[in-house]
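The structure appears right after this line, and notes come after that.
Just follow the structure's listing: the first ligand is 1, and inside any ligand the first atom is 1. Starting from 1, each residue takes its place in the sequence as its number.
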Amino acid sequence: MKVITGSQEETEELGFKFGVFIKTQSIGAALLYGDLGAGKTTFIKGMASAFGIPPRDIGSASFVIVAEYDTTPRFYHIDLYRIEKSNEIEELGIWEYMDSGGFAVVEWAERLPEVPDNAVKVRINYCGADCREIVIEGVPEAPGGVRDCIIPEN
Ligand code: ADP
Ligand code: MG
């Protein structure tokens with residue numbers, strides 16, 4: 001499904017609704033794609049608040065590659081921005097985070113050497129100073145699915 005947001009607040013709000021959906025469906029991981037400044041970290045701040053994490057606790061400086069939050073389920077924010085080689089990803093054990101019983105959100109999923117076919121993906125595209133196109137893939141859209149959780153504004 002595709003949603004257009006018209007402000008930072010709307011992007012964060014959409015992330016929150018998506019986070020609620022993720023939690024209710026016990027989804028283990030989501031992969032985020034999009035250029036620098038697209039809004040990935042903003043979206044994740046919203047998701048984090050659905051897990052009870054204050055948005056200000058979500059960093060974007062990328063000195064920390066994996067930030068772990070002691071929530072139930074556990075929340076892992078993995079930012080691959082500084083990753084250069086795929087063997088660094090293997091060393092991080094990122095697949096274990098994604099299959100840990102907690103929830104892992106991966107920023108800069110472009111850096112992953114391979115992804116499972118059924119992965120939940122969020123692509124954020126810049127469409128103007130006040131415009132972001134957010135495309136969510138890999139989640140059920142049937143009744144009770146993501147569409148019911150996230151009422152599209154367009
Ligand atoms: P990334 O993590 O993808 O590099 P950030 O979330 O750090 O991006 O930054 C995205 C920037 O875009 C922030 O300044 C945020 O306020 C802004 N932003 C997010 N969504 C919108 C929107 N719909 N319209 C305008 N600005 C937005
Ligand atoms: Mg970021």
Side-chain angles (χ1 to χ4, degrees), residues 1-23 27-71 73-86 88-98 100 102-116 119-139 141 146-154:
M1 68 177 293
K2 192 190 285 183
V3 181
I4 304 284
T5 62
S7 66
Q8 170 179 334
E9 290 73 23
E10 281 184 26
T11 299
E12 197 169 325
E13 176 67 17
L14 186 68
F16 176 77
K17 290 177 183 170
F18 184 66
V20 170
F21 173 75
I22 286 283
K23 247 186 116 170
I27 289 168
L31 308 180
L32 265 67
Y33 297 81
D35 291 339
L36 193 67
K40 300 179 295 298
T41 301
T42 304
F43 189 85
I44 293 169
K45 283 175 189 280
M47 294 184 75
S49 51
F51 284 73
I53 301 162
R56 65 174 176 278
D57 288 0
I58 299 295
S60 104
S62 307
F63 282 108
V64 177
I65 294 174
V66 182
E68 181 177 340
Y69 299 85
D70 193 13
T71 49
R74 260 171 208 280
F75 188 93
Y76 301 97
H77 175 198
I78 302 170
D79 191 335
L80 301 180
Y81 183 58
R82 288 175 65 251
I83 292 286
E84 275 156 19
K85 300 185 222 85
S86 55
E88 295 177 52
I89 292 179
E90 305 298 336
E91 283 161 25
L92 271 175
I94 139 159
W95 308 112
E96 280 114 79
Y97 290 113
M98 292 169 71
S100 64
F103 172 71
V105 59
V106 180
E107 202 167 332
W108 290 103
E110 289 90 341
R111 305 270 201 272
L112 293 172
E114 54 186 335
V115 302
V120 175
K121 296 178 183 168
V122 179
R123 297 178 196 279
I124 308 185
N125 302 313
Y126 182 93
C127 48
D130 287 326
C131 180
R132 299 295 188 275
E133 180 194 66
I134 301 178
V135 183
I136 300 174
E137 298 167 19
V139 288
E141 296 205 17
V146 71
R147 206 170 271 283
D148 286 349
C149 247
I150 301 169
I151 296 111
E153 289 123 57
N154 57 315

Can you tell me the protein heavy atom closest to [atom] and the distance?
atom: atom 8 (O) of ligand 1; value: G39 N, 3.1 Å
atom: atom 23 (N) of ligand 1; value: T5 OG1, 2.9 Å
atom: atom 18 (N) of ligand 1; value: R132 NH2, 3.7 Å
atom: atom 16 (O) of ligand 1; value: Q8 OE1, 2.5 Å
atom: atom 4 (O) of ligand 1; value: G37 N, 2.8 Å

Quiz item: T5 pairs by side-chain contact (heavy atoms from CB on, under 4.5 Å) with which of I124, L14, D130, T42?
Solution: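 Of the listed options, the one satisfying the test is L14.
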Quiz item: What's the OG1-the Mg ion (ligand 2)-OE2 angle here (T41, E107), rounded to 10 degrees?
Solution: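 OG1 of T41 and OE2 of E107 make an angle of 80° at the Mg ion (ligand 2), to the nearest 10°.
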Contact with ligand 1 for [X], non-hydrogen, under 4.0 angstrom:
X: A129; answer: yes
X: G34; answer: no
X: L32; answer: no
X: E107; answer: yes

What pair of heavy atoms forms the shortest contact from [X] to [Y], and how long is it?
X: L31; Y: M98; value: CD2-CE, 3.5 Å
X: G39; Y: T11; value: O-CG2, 4.0 Å
X: I4; Y: C131; value: CG2-SG, 3.8 Å

For [X], take its heavy atoms, then give the atoms of ligand 1 lying under 4.0 Å from any of them.
X: C131; answer: 24 (N)
X: D130; answer: 24 (N), 25 (C)
X: K40; answer: 1 (P), 2 (O), 3 (O), 4 (O), 6 (O), 8 (O)

Quiz item: Does a side-chain heavy-atom distance below 4.5 Å link V120 with F18?
Solution: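 A side-chain contact exists here, since the closest heavy-atom pair is under 4.5 Å.
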Quiz item: Between P55 and E12, is any pair of side-chain heavy atoms under 4.5 Å apart?
Solution: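 Answer yes - side chains close enough.
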Quiz item: Is the gap between the ring centers of Y69 and F51 under 6.0 Å?
Solution: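 No.
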Quiz item: Any idea which of L14, T11, D35, T42 brings a heavy atom closest to atom 20 (N) of ligand 1?
Solution: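 Shortest heavy-atom distance from atom 20 (N) of ligand 1: T11.
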Quiz prompt | Polar atom proximity, L36 to ligand 1 (N or O, under 3.5 Å) | solution =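 Between L36 and ligand 1, no N or O pair is found under 3.5 Å apart.
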Exercise. Report the C-alpha separation of F43 and R132 in whole Å, then their side-chain angles, then the decisive distance to 0.1 Å, and conclude whether the side-chain contact (heavy atoms from CB on, under 4.5 Å) test is met.
Key: CA-CA 11 Å; F43 189 85; R132 299 295 188 275; over 6 Å; no
Between [X] and ligand 1, which part of the residue brings a heavy atom under 4.0 Å of the ligand: side chain, backbone, both or neither?
X: I124; result: neither
X: T41; result: both
X: E10; result: neither

Quiz item: Is K40 reaching over with its side chain to a backbone N or O of D35, donor-acceptor style, under 3.5 angstrom?
Solution: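 Looks like yes, one N/O pair under 3.5 Å.
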Exercise. Mind running side-chain contact (heavy atoms from CB on, under 4.5 Å) on I27 and F21 for me, showing each step along the way?
Key: CA-CA 9 Å; I27 289 168; F21 173 75; 3.8 Å; yes
Practice problem: I would like to know whether I83 and L92 meet side-chain contact (heavy atoms from CB on, under 4.5 Å); could you show each step before the answer? | Solution: CA-CA 10 Å; I83 292 286; L92 271 175; 4.0 Å; yes
Exercise. Go through I136 and I150 one step at a time and tell me if the side-chain contact (heavy atoms from CB on, under 4.5 Å) criterion holds.
Key: CA-CA 11 Å; I136 300 174; I150 301 169; 3.8 Å; yes
Quiz item: Heavy-atom distance from atom 14 (O) of ligand 1 to the protein below 4.0 Å?
Solution: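 Protein heavy atom within 4.0 Å of atom 14 (O) of ligand 1: absent.
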